[in-house]
Amino acid sequence: MVRVAKRYLVCELGYPGSHVRYPVRSALLLEAITLALRETWGELGLAAAKSGLRLVYTNALTNIVTVMCEREAAHKVESAIQHVSHFGNNCPVTLTIIHKSSTVRQANISIAKHQRSELLKKRSRISDGRETSQIMAEIAQLNNKLLSYNKKEDQI
């Protein structure tokens with residue numbers, strides 16, 4: 001049995017020229033990435049990369065997405081992600097790769113650190129008490145997740 005090496009690309013969604021945040025739907029975003037793969041690499045590149053292509057994680061609050069692909073197709077997927085300009089009903093979007101990882105654990109640690117810093121920035125701009133408490137609850141969960149990862153590393 002052969003182990004298939006994977007790559008995890010942690011991406012941040014941006015909405016250029018718009019302050020409106022659209023709901024992140026995994027199927028629509030995956031379709032946009034496959035269209036960009038087809039435009040960038042053609043049918044053969046799409047066939048090579050699509051077999052292991054998946055969205056592993058999406059968060060609508062912080063606009064973070066994790067794309068999983070096979071190691072051999074990672075370069076193709078990276079370049080296609082940079083060419084995604086819209087998804088769904090022509091919703092303008094940009095995808096920025098903020099971390100590349102070969103393990104899910106490292107990708108999750110990167111996501112937790114990034115989300116924590118973004119939520120802290122967002123909390124400072126919000127005056128609504130209910131939304132602030134929701135953000136603080138998410139920050140507490142991320143802190144616990146990071147602590148659990150650190151405990152596991154200390155045991156190794």
Exercise for the section: Using atom types as modelled and distance alone, determine if a side-chain donor or acceptor of Thr34 lies under 3.5 Å from a backbone N or O of Leu30. Expected result: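 A pair under 3.5 Å: yes.
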Exercise for the section: Can you run down the side chain to side chain donor-acceptor pair (under 3.5 Å) pairs that involve residues 93-103, sequence neighbours left out, and say none if there aren't any? Expected result: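 The answer is Glu78-Lys100.
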Practice task
Could you walk me through whether Ile64 and His114 pass the side-chain contact (heavy atoms from CB on, under 4.5 Å) test, one step at a time?
Solution key: CA-CA 9 Å; Ile64 297 292; His114 184 269; 3.3 Å; yes
Do [X] and [Y] belong together in a cluster built from hydrophobic side chains that touch within less than 4.5 Å?
{"X": "Val93", "Y": "Val77", "answer": "yes"}
{"X": "Val84", "Y": "Val65", "answer": "yes"}
{"X": "Ile97", "Y": "Tyr15", "answer": "yes"}
{"X": "Leu28", "Y": "Leu35", "answer": "no"}
{"X": "Tyr57", "Y": "Met68", "answer": "no"}

Practice task
Decide yes or no for Leu95 and Leu13: does some side-chain heavy atom of the first lie under 4.5 Å from some side-chain heavy atom of the second?
Solution key: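 Leu95 reaches Leu13 side chain to side chain.
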Exercise for the section: Could you check if a side-chain atom of Val67 sits within less than 4.5 angstrom of a side-chain atom of Tyr8, using non-hydrogen atoms only? Expected result: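 Result no, sub-4.5 Å side-chain heavy-atom pair not found.
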Practice task
List the steps, then state whether side-chain contact (heavy atoms from CB on, under 4.5 Å) holds for Val56 with Val104.
Solution key: CA-CA 9 Å; Val56 179; Val104 171; 5.8 Å; no
Handout entry: Within residues 24-49 or reaching into it, pairs that qualify as salt bridge (Lys or Arg N to Asp or Glu O under 4.0 Å) - sequence neighbours excluded
Key =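 Every salt bridge (Lys or Arg N to Asp or Glu O under 4.0 Å) pair that includes a residue of residues 24-49, provided the two are not neighbours, is Arg38-Glu43.
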Practice task
Measure across Ala80 and Ala36 and return the closest heavy-atom pair with its distance rounded to 0.1 Å.
Solution key: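 Between these two residues, the closest heavy atoms are O-CB, 3.3 Å.
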Between [atom1] on residue [X] and [atom2] on residue [Y], distance to nearest 0.5 Å:
{"X": "Leu9", "Y": "Ile81", "atom1": "CG", "atom2": "CD1", "result": "5.0 Å"}
{"X": "Ser51", "Y": "Leu46", "atom1": "OG", "atom2": "CG", "result": "10.0 Å"}
{"X": "His75", "Y": "Ser79", "atom1": "NE2", "atom2": "OG", "result": "5.5 Å"}
{"X": "Trp41", "Y": "His83", "atom1": "CH2", "atom2": "NE2", "result": "10.0 Å"}

Handout entry: Verdict with supporting geometry, Arg7 and Glu70, side-chain contact (heavy atoms from CB on, under 4.5 Å)
Key = CA-CA 6 Å; Arg7 292 293 177 257; Glu70 293 179 0; over 6 Å; no
Practice task
Could you go through the side-chain contact (heavy atoms from CB on, under 4.5 Å) check for Lys76 and Leu37 one step at a time?
Solution key: CA-CA 7 Å; Lys76 291 180 174 82; Leu37 269 167; 4.2 Å; yes
